[in-house]
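Data block below; observations after.
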Amino acid sequence: MTEDGRLERLSGMLKRRGFLLPAFEIHGGAKGLYDFGPVGGRMRSRVNQRWLDHWLQLGNVVELSCPTVTPYAVLEASGHVGEFSDFMTECGSCGEASRADTLLEPHHPNPDALKRDELQALLFQVQPPCPGCGNQAWSEVKAQNLMFNTTIGAGDSGRPGFLRPETAQGMFTSFNALHRHFRERLPFGAMQVGKGYRNEIAPRQGMIRLREFNMAELEYFIDPEAELNDDLSPWDDAPLHLISDGGNGVEITLSEACKQQLIRHPTVARFMGITRDFLVDIGIDPSRLRFRQHEQDEMAHYAVDCWDAEIEGSYGWIECVGIAHRGCYDLESHEKATGKTLRARREFDEPRTITIDAWTIDGATAGPAFKALAGAVKTAVEALPKSTSFPCEISLENGAKVVVGEEHVKPNQKTIKETGEWYIPHVIEPAFGIDRIIWHVIDHAYSELEKNGEPYTLMRLSPTIAPVDYAVFPLFEKDGMGELAWNLHQTLCKTSGLVSMYDASGSIGRRYARADEIGVPICITVDHQSLEDGTVTVRDRDTGEQHRITIDSLS
RNA sequence: GCGAGCGUAGUGUAGUGGUUAUCACCGGGCGUUGCCAACGCCUGAACCCGGGUUCGAGUCCCGGCGCUCGCACCA
């Protein structure tokens with residue numbers, strides 16, 4: 001996998017040139033935390049911006065920024081408190097921590113599904129031997145969560161919270177504001193780039209599994225019953241490499257994959273196409289990109305269907321994007337937890353008329369007669385057929401039986417006209433791991449060449465995300481060449497969106513080499529002729545070709 | 001989390017318990033050259049942290065932190 005030390009040389013270069021560095025290193029470092037350095041920092045923000053620009057082209061999405069500090073209740077409602085934790089217990093004898101559900105596997109068909117109290121009870125009852133020392137003295141079961149705990153507020157007024165494990169929840173809880181913003185018309189989307197946190201048990205593989213990471217997510221809200229008009233034709237001449245659930249890899253167009261039901265939702269397919277375009281735009285090699293569908297049992301707790309974009313690099317095939325059809329799971333969960341409505345309205349083509357001809361209670365008599373049960377009696381009575389005769393014994397929801405007399409009821413005859421209905425929108429979510437993507441962009445761009453018999457490194461970064469746009473060199477810092485070059489550098493830096501780098505140290509060849517190593521697309525050299533006619537040489541990184549242009553045409 | 005290996009300038013490295021800690025690239029300055037990692041001189045920069053053994057520890061022992069790999073776990 002690692003071709004004779006390429007990964008080591010690449011990592012060394014990234015550290016030396018300031019792309020990626022272990023964070024807080026002078027204090028001994030911290031696992032799973034990285035700095036984007038003086039070169040990488042700029043590259044990261046360009047990728048983020050490019051991502052936003054790319055999805056804004058949909059025309060019906062907006063950008064949000066939600067807090068990373070999140071109250072306990074939000075993540076409890078979303079299912080993360082339950083799903084993102086393992087229940088741990090410690091051996092009282094040797095101190096070894098074990099997962100309670102693993103210990104109980106021989107004693108229960110599915111201990112993973114047990115709640116904490118049930119696990120605890122079963123553990124104390126069974127007392128399985130410690131895999132470490134064989135003793136049977138387990139501590140209370142504690143939830144060890146993969147989310148970072150924190151306390152919001154101080155002292156007794158503080159309440160528990162977490163650092164968010166994904167940006168999505170803030171967008172779900174803002175649904176009503178989004179809905180209003182979009183004049184209550186679906187589909188629409190909200191997106192944000194930001195930090196997410198997971199207290200990984202074992203961060204590994206550099207940028208691949210981090211404890212604090214950059215993510216970019218879009219929540220696209222759709223009406224599950226609306227007619228779909230996802231246009232997949234833009235990708236008809238660009239088949240994708242797909243690996244479907246339980247199937248083998250195929251090269252297939254998105255249109256065809258939908259027709260064959262490999263991809264279960266056309267919006268998911270369209271987002272796969274848009275994702276591919278984004279990745280290729282910023283420099284991912286399309287031949288090292290594939291989409292893989294999750295197996296049913298692999299799917300996260302919220303997903304209905306999920307396709308990963310996987311990119312091949314120094315660590316093999318790595319999941320860098322997840323495109324999940326989350327159904328109505330999230331909005332429904334927050335509705336249940338809060339009692340608030342998170343819905344959109346769908347008007348019927350024709351108003352629907354519902355005719356009711358049955359019974360209901362007469363509040364004046366049933367109320368005093370059934371007191372607290374009156375509500376349940378009403379529900380039960382209204383469910384009875386018109387042919388019922390009273391008095392009559394009926395069963396209530398809570399199991400109680402009551403006798404309802406003729407005096408307690410009255411006919412219920414009405415016609416209700418409904419012009420539409422409220423429903424919980426479904427969500428399609430493309431979620432991008434920015435760090436993993438940047439890693440692969442770098443990995444694919446990093447080229448080890450040979451130049452005049454010497455090893456030579458070149459970063460073929462796309463100009464769309466290169467950390468530096470122009471490098472400006474005075475051939476020699478004398479006769480005014482230095483001043484002219486510095487002024488040009490300043491002018492370029494004043495241009496919005498451009499970054500120029502001035503370098504006057506070392507031979508010109510060395511400076512080209514330094515610029516090539518961090519992927520500067522264009523080097524501009526000021527020489528003697530520049531002083532006379534205001535022209536400079538412009539050199540292309542990948543071809544090495546030079547031509548003269550006037551300074552004016554640059555800015 | 002378990003097991004194994006590793007931790008020396010910015011990077012890559014050498015280093016029998018006793019050196020002024022090796023070499024290369026690298027960075028900076030000066031000079032020279034003047035369009036693809038040129039050269040000379042000068043210069044900068046390191047034993048992961050904390051204990052222990054020892055007259056003496058980069059080297060041996062213990063613990064921590066970090067890195068790599070395998071297992072386990074997991075977006």
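Per chain, numbering begins at 1; letters A, B, ... match sequence-line order. When reading the values below, keep in mind they use all heavy atoms of this one structure, side chains included, and skip hydrogens, waters and symmetry mates. Because the structure is a prediction, the values reported are computed rather than measured.
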Interatomic distance, A/Leu449 CG vs B/A37 P [rounded to whole Å]: 14 Å
Between A/Gln169 and A/His334: side-chain donor-acceptor atoms closer than 3.5 Å: yes
Side-chain N or O of A/Ser505 closer than 4.0 Å to phosphate OP1/OP2 of B/G27: no
N-O pairing of A/Lys195 and A/Asp435 below 4.0 Å: no
Ion pair check, A/Asp285 and A/Arg460, cut-off under 4.0 Å: no
Residue met sooner reading RNA chain B from 5', once A/Gly206 and A/Glu25 are mapped to nucleotides: A/Glu25
Span that lies between the C1' atom of B/G17 and that of B/C55, in whole angstrom: 12 Å
Nucleotide paired to B/G58 in any strand shown, Watson-Crick or G-U, under 3.5 Å: none
Between B/U19 and B/G31 - C1' atom distance, rounded Å: 34 Å
Sugar-phosphate, base or nothing in reach of A/Gln546, heavy atoms under 4.0 Å: base
Nearest-Å distance for atom pair CZ/P, residues A/Arg511 and B/G27: 12 Å
Base paired to B/U20 (Watson-Crick or G-U; both N/O distances under 3.5 angstrom): none
Interatomic distance where CD belongs to A/Gln205 and P belongs to B/C71 [whole Å]: 11 Å
First of A/Ser11 and A/Tyr512 reached from the 5' end of RNA chain B, by closest nucleotide: A/Ser11
Cationic N near anionic O, under 4.0 Å, A/Arg288 to A/Glu310: no
Below 4.0 Å: OP1/OP2 of B/G66 and any side-chain N or O of A/Lys31: no
Short heteroatom pairs, N/O only, protein and nucleotides 57-59 of chain B, under 3.5 Å:
none

Whole-Å distance separating the CZ atom of A/Phe473 from the C1' atom of B/A37: 12 Å
Nucleotide opposite B/G66 in a Watson-Crick or G-U pair, distances under 3.5 Å: B/C6
Base-pairing mate for B/G40 - Watson-Crick or G-U, with both contacts under 3.5 Å: B/C30
A/Lys478 NZ to B/C30 P, straight-line distance once rounded to whole Å: 13 Å
Gap in Å between the two C1' atoms, one belonging to B/C67 and one to B/U11, rounded: 16 Å
Sub-6.0 Å ring centroid separation between A/Phe473 and A/Tyr502: no
Gap in Å between the two P atoms, one belonging to B/C65 and one to B/C23, rounded: 36 Å
Length of the line joining A/Lys15:NZ and B/C48:P, which is rounded to integer Å: 13 Å
Separation of the C1' atoms in B/U43 and B/G10, to the nearest angstrom: 16 Å
Residue matched to B/C71 through Watson-Crick or wobble contacts both under 3.5 angstrom: B/G1
Electrostatic pair A/Arg326:A/Asp305 at N-O distance under 4.0 angstrom: no
Cation-pi check, A/Arg292 onto A/Trp307 ring (under 6.0 Å, within 45° of axis): no
Aromatic contact, A/Phe271 with A/Trp55 (centres under 6.0 Å): yes
Rounded distance (Å) that lies between atom C1' of B/A72 and atom CZ of A/Arg209: 11 Å
Rounded distance in Å between the C1' positions of B/G12 and B/C39: 24 Å
is_close_aromatic(A/Tyr197, A/Phe162), centroid dist under 6.0 Å: no
Short side-chain N/O contact to B/G27 OP1/OP2 from A/Arg510, under 4.0 Å: yes
Between B/A4 and B/A21 - C1' atom distance, rounded Å: 29 Å
d(CG, A/Asp479; P, B/U33) in whole Å: 12 Å
Euclidean distance for P, B/A45 against B/U22 (whole angstrom): 13 Å
